[in-house]
Peer 1: 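Sharing a structure with you now.
Every chain is numbered from 1, with letters handed out A, B, ... down the list of sequences.
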There are 2 protein chains.
Amino acid sequence: MGLLILALIQRGNLFADLPSPATGEVFEELLRCRNLRIERITSSGEPEPVLYDQDQDEWILLLSGKARLEIAGETIALSSGDYLFIPAHTPHRVLQTSAEPTSAEPGFTCTWLAIHLET
Amino acid sequence: MGLLILALIQRGNLFADLPSPATGEVFEELLRCRNLRIERITSSGEPEPVLYDQDQDEWILLLSGKARLEIAGETIALSSGDYLFIPAHTPHRVLQTSAEPTSAEPGFTCTWLAIHLET
């Protein structure tokens, strides 16, 4: 019974098999469960300048690298570990994502966790 | 308008102001939104041997340290970056959490992100 449940459990490693996009972002779904969707996002150094206006609430966590977002017309700078909640229909876009390694911050590629919640 | 929205946005840093519990875990709520609750969990080296049987689905992500969980009677070893989904009413408990720094893994304290979804 335990082994059967274990076989059904969805697991992985957030830092394994990271893609290396040349431009834009790579979105990978880690979990979908009822109104919840969990995604890993890996950025290149050239973010897509798309203005998002989503039906879902979103909670994002930057796990490595540095980034600048535009949220409701304002600019927010993010470093590793920073998280924020973006309510549904708050216009936002990615302005900048780090791409060059520095000795102070070896994890220079932006890796994000995004939690989407359908309203 | 942008600044007003920005003032309402809940943000923080997952690795800031980490507590240092002597025993058990410290649970801190980062977000509560409808049926979603996001928590940071910081472990000591002496986890509480509580057997959890929750009404909520749970997705956990270990961000630093190493741990062993018992899930549905089976043991799972986790390292930094490992995530897994624990369906509601799957009995589980924390068996072991790392507490000693090693040169190979400086981030020895177990820091977790837990996503709870009410069914």
Side-chain angles (χ1 to χ4, degrees), chain A residues 1-18 30-38 40 56-64 69-92 107 111 113-119, chain B residues 1-18 30-38 40 56-64 69-92 107 111 113-119:
Chain A
M1 176 62 177
L3 282 173
L4 176 62
I5 288 179
L6 222 60
L8 296 172
I9 282 179
Q10 299 168 66
R11 53 188 298 207
N13 187 285
L14 197 73
F15 305 119
D17 304 318
L18 282 169
L30 306 182
L31 182 76
R32 185 185 285 264
C33 178
R34 286 191 300 281
N35 61 331
L36 174 76
R37 195 161 52 83
I38 301 179
R40 175 174 80 175
Q56 303 88 33
D57 290 324
E58 185 175 1
W59 187 85
I60 56 163
L61 166 63
L62 181 61
L63 283 164
S64 66
L69 300 183
E70 179 191 308
I71 299 184
E74 306 296 328
T75 299
I76 295 186
L78 298 176
S79 296
S80 176
D82 282 345
Y83 61 81
L84 55 83
F85 179 64
I86 304 173
H89 298 298
T90 304
H92 62 283
T111 307
L113 188 74
I115 311 290
H116 303 274
L117 192 69
E118 277 175 32
T119 58
Chain B
M1 176 62 176
L3 282 174
L4 176 62
I5 289 180
L6 222 60
L8 297 173
I9 283 179
Q10 299 168 65
R11 53 186 298 208
N13 187 286
L14 196 73
F15 305 120
D17 305 318
L18 282 170
L30 306 182
L31 182 76
R32 185 185 286 264
C33 178
R34 286 192 300 282
N35 61 331
L36 174 75
R37 194 162 53 83
I38 301 179
R40 175 173 81 175
Q56 303 88 32
D57 290 323
E58 185 174 1
W59 187 86
I60 56 163
L61 167 63
L62 181 61
L63 283 164
S64 67
L69 300 183
E70 178 190 308
I71 299 183
E74 307 295 329
T75 299
I76 294 185
L78 298 176
S79 294
S80 175
D82 283 344
Y83 61 82
L84 56 83
F85 179 65
I86 304 173
H89 298 297
T90 304
H92 61 283
T111 307
L113 187 75
I115 312 289
H116 302 274
L117 192 69
E118 277 174 30
T119 57

Peer 1: What part of Leu78(A) gets within 4.5 angstrom of chain B, counting heavy atoms only: side chain, backbone, both, or neither?
Peer 2: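 Side chain only.
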Peer 1: Can you find a heavy atom in the side chain of Leu36(B) that is under 4.5 Å from one in the side chain of Trp59(A)?
Peer 2: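 No, side chains not in contact.
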Peer 1: Measure the shortest side-chain to side-chain distance between Gln10(B) and Leu84(A) over non-hydrogen atoms and say whether it is less than 4.5 angstrom.
Peer 2: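 Answer no - side chains too far apart.
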Peer 1: Taking all atoms of both residues into account, what is the closest heavy-atom pair of Asn13(A) and Tyr83(B), and its distance?
Peer 2: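 That would be N-CE2, 3.6 Å.
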Peer 1: Name the region of Leu31(A), side chain, backbone, both or neither, that has any atom closer than 4.5 Å to a heavy atom of chain B.
Peer 2: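 Only the side chain of Leu31(A) comes within 4.5 Å of chain B.
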Peer 1: When rounded to the nearest 0.5 angstrom, what is the spacing between CG in Leu14(B) and CG in Leu62(A)?
Peer 2: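 Answer for the CG-CG pair, Leu14(B) versus Leu62(A), is 11.0 Å.
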Peer 1: Is it the backbone or the side chain of Glu118(A) that comes under 4.5 Å from a heavy atom of chain B, or both, or neither?
Peer 2: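 Just the backbone, heavy atoms under 4.5 Å.
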Peer 1: Between OG1 of Thr119(A) and CZ of Arg34(B), what distance do you get to the nearest 0.5 Å?
Peer 2: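 If we round to the nearest 0.5 Å, Thr119(A):OG1 and Arg34(B):CZ are 5.5 Å apart.
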Peer 1: Out of Ile86(B), Leu61(B), Leu30(B), which one racks up the most heavy-atom pairs below 4.5 Å with chain A?
Peer 2: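 It is Leu30(B).
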Peer 1: What part of Ile115(B) lies closer than 4.5 angstrom to a heavy atom of chain A: side chain, backbone, both or neither?
Peer 2: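 Contact with chain A is through the side chain of Ile115(B) alone.
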Peer 1: Would Leu63(A) and Phe15(B) satisfy side chain to side chain contact (heavy atoms under 4.5 Å, CB included), going step by step from the backbone distance to the final call?
Peer 2: CA-CA 10 Å; Leu63(A) 283 164; Phe15(B) 305 120; 4.2 Å; yes
Peer 1: Measure the shortest side-chain to side-chain distance between Leu117(B) and Asn35(A) over non-hydrogen atoms and say whether it is less than 4.5 angstrom.
Peer 2: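 Yes. Closest side-chain heavy atoms under 4.5 Å.
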